[in-house]
Amino acid sequence: MNAPDAPGALRRNAPWPSPKLAPALAEKYLNIEDLRQGAKKRLPRGVFEFIDRGSEDEASLRDNRASFHRIKLRNRVMVDVSARSTQMELFGKPMSMPLAIAPTGAAGLAWYEGELELARAAARAGVPFTLATPSLTAIERIASVEEGRKWFQLYMWRDRDASHALVRRARDAGFETLIVTGDTAVPPIREYNKRNGFNSPFTFNPTIVADVATSPGWMWRVLRPYLQNGGMPRQAHYPSDEKGVQVRMVGGAEKLRGDNLCWDDIARLREIWKGPILVKGVHQPDDAERGVKEGVDGIIISNHGGRNLDTAVASLDVLPEIVAAVGDKLVVIADSGIRRGGDILKALALGAKCVLSGRPTLYGAAVAGQDGAMHALALLRRELDTAMAYTGAIRIEEITAKCLWMGNQ
Ligand SMILES: Cc1cc2nc3c(=O)[nH]c(=O)nc-3n(C[C@H](O)[C@H](O)[C@H](O)COP(=O)(O)O)c2cc1C
């Protein structure tokens, strides 16, 4: 019997501060797909598709979800799970659940200053927030959100001095973890962006104007405050001569090209950054081993949410072999396709310490800003809690391969 007040027992999940809108959101949006549908209604088509869709034939995008459905869970019966908790520690600090908000360049198009709202939601929920290089809100404004853990994601530019200066800014602003994205050497191929008139750099053209005109709510809630407070939204960290929102997050201008990033860069970054460094986009066990040699603290297994290399393998499919190679030497994190708390449990059962989640909080932010993002996190945590109860895991560390049935793979 694990009575919650027994010595050494876990603290039950503390209820999160309930946002003003929580009851209304909880009534209407029962899962992440509901939030996705809500986002689809509210955003101009070009913005929604930029957030929602994948690259080329979108095979990876679809397979990311299928990979979670291929793996089944097993009940664990007759154990007292009344004291279960989703809390855990990562890099020596507590988190309310094993999830961090992934870097996404488009939060500021989902909601006015969307990155700030995501950072606030993450702080309230007790999970880290990652600010992306191409975000519309600057490092220092995010740092003004006093609570919460902040991570910074780097797209390394050909102009190393500019990139290193950005990393120093994030360090000086108190960001704790640096994610170096390694899977975006060149801009990916996403044909719908072109069809939607969503070119890089973003400019108003007849297709976009017609699209935006069908979303007066978005114009009012998102575009109007930008225009009233300094003009068209633009990426806050890009050199000032790169005007406008870049739909391509790397490439375009010569100095923003990202195709010469290599392992040698880690040593230089390590001189600047004393906190944890993670390399994102890893699929190969020997890349993970190279990461160990270069002294990185973790890797993120990811196919960029199906947005970059199409038909790239799903993270779950390569997780076991990578964990077998390096799981005891660095922190293995996974992302791409998580839409349910049970998906988090599956990634952990295969050896990930934590997951990143990209689109779920963007959908939430598009629906209701900070409260919507918070609601997305609350849904995922509740589902994780439920899956833990059924699989008999009281603590996060008790989520192991025994929770899974891998089938005829
Ligand atoms: C709209 C959008 C923008 C993104 N921008 C970045 C980025 O700037 N840097 C980066 O490393 N990853 C970026 N990603 C990828 C996410 O960090 C993450 O790997 C992915 O979203 C995980 O898949 P999920 O959306 O299915 O959770 C972006 C993802 C989305 C959806």
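Positions are given from 1 along the sequence. Ligands are counted one by one from 1 in listed order, and the atoms in each one are counted from 1 as well.
- A salt bridge is absent between Asp335 and Arg359; no separation between the charged side-chain nitrogens and carboxylate oxygens falls under 4.0 Å.
- When the heavy atoms of Pro103, Ser336, Ala334 are ranked by distance to atom 14 (N) of ligand 1, first place goes to Pro103.
- For atom 27 (O) of ligand 1, the candidate residues are Ala100, Ala132, Gly358; the nearest heavy-atom contact is made by Gly358.
- Heavy-atom contacts of Gly105 reach the following atoms of ligand 1: 3 (C), 4 (C), 5 (N), 6 (C), 8 (O) (cutoff under 4.0 Å).
- Ion pair Lys293/Asp286 not flagged as a salt bridge, since none of the NZ, NE, NH1 or NH2 atoms sits closer than 4.0 Å to an Asp/Glu carboxylate oxygen.
- Between Glu49 and Arg45 there is a salt bridge, since at least one side-chain N of the basic residue sits less than 4.0 Å from a carboxylate O of the acidic one.
- Near Ser302, with a cut-off below 4.0 Å to any heavy atom, the atoms of ligand 1 are 19 (O).
- Less than 4.0 angstrom separates some heavy atom of Arg339 from each of these atoms of ligand 1: 24 (P), 25 (O), 26 (O), 27 (O).
- The pair Arg257-Asp159 does not meet the salt-bridge criterion, since no charged nitrogen lies less than 4.0 angstrom from a carboxylate oxygen.
- Not a single N or O atom of Pro360, backbone or side chain, sits closer than 3.5 Å to an N or O atom of ligand 1.
- Counting atoms of ligand 1 from 1 in the listed order, those under 4.0 Å from a heavy atom of Lys280 are 10 (C), 11 (O), 12 (N), 15 (C), 16 (C), 17 (O), 18 (C), 19 (O).
- Any N or O atom pair closer than 3.5 Å counts here, and Leu362 shares no such pair with ligand 1.
- Proximity to Gly305 (heavy-atom distance under 4.0 Å) selects the following atoms of ligand 1: 20 (C), 22 (C), 23 (O).
- Aromatic ring orientation, Tyr112 versus Tyr226: perpendicular (interplanar angle above 60°, classes split at 30° and 60°).
- Residue Ile51 has at least one heavy-atom neighbour below 4.0 Å for each of these atoms of ligand 1: 1 (C), 31 (C).
- Below 3.5 Å of separation, one finds no N or O of Thr104 facing any N or O of ligand 1.
- Under the 4.0 Å criterion applied to side-chain N and carboxylate O atoms, Glu191 and Lys194 are not assigned as salt-bridge partners.
- Distances below 4.0 Å separate heavy atoms of Pro134 from the following atoms of ligand 1: 8 (O).
- Under a 4.0 Å N-O distance rule, the pair Asp183/Lys280 does not qualify as a salt bridge.
- Residue-ligand proximity, Gly337 to ligand 1, at heavy-atom distances under 4.0 Å covers atoms 23 (O), 24 (P), 26 (O).
- Checked by atom type and distance alone, the side chain of Asp265 never pairs as donor or acceptor with a backbone atom of Leu261 at under 3.5 Å.
- Nearest-residue assignment for atom 30 (C) of ligand 1 (options His304, Arg65, Arg307; heavy-atom criterion): Arg307.
- Checked for salt-bridge contact, Asp161 and Lys255 miss the test: no charged N lies under 4.0 Å from a carboxylate O.
- Not a single heavy atom of Thr133 lies less than 4.0 angstrom from ligand 1.
- Of the charged side-chain nitrogens involved, none lies within less than 4.0 Å of a carboxylate oxygen, so that Lys150 and Glu176 do not count as a salt-bridged pair.
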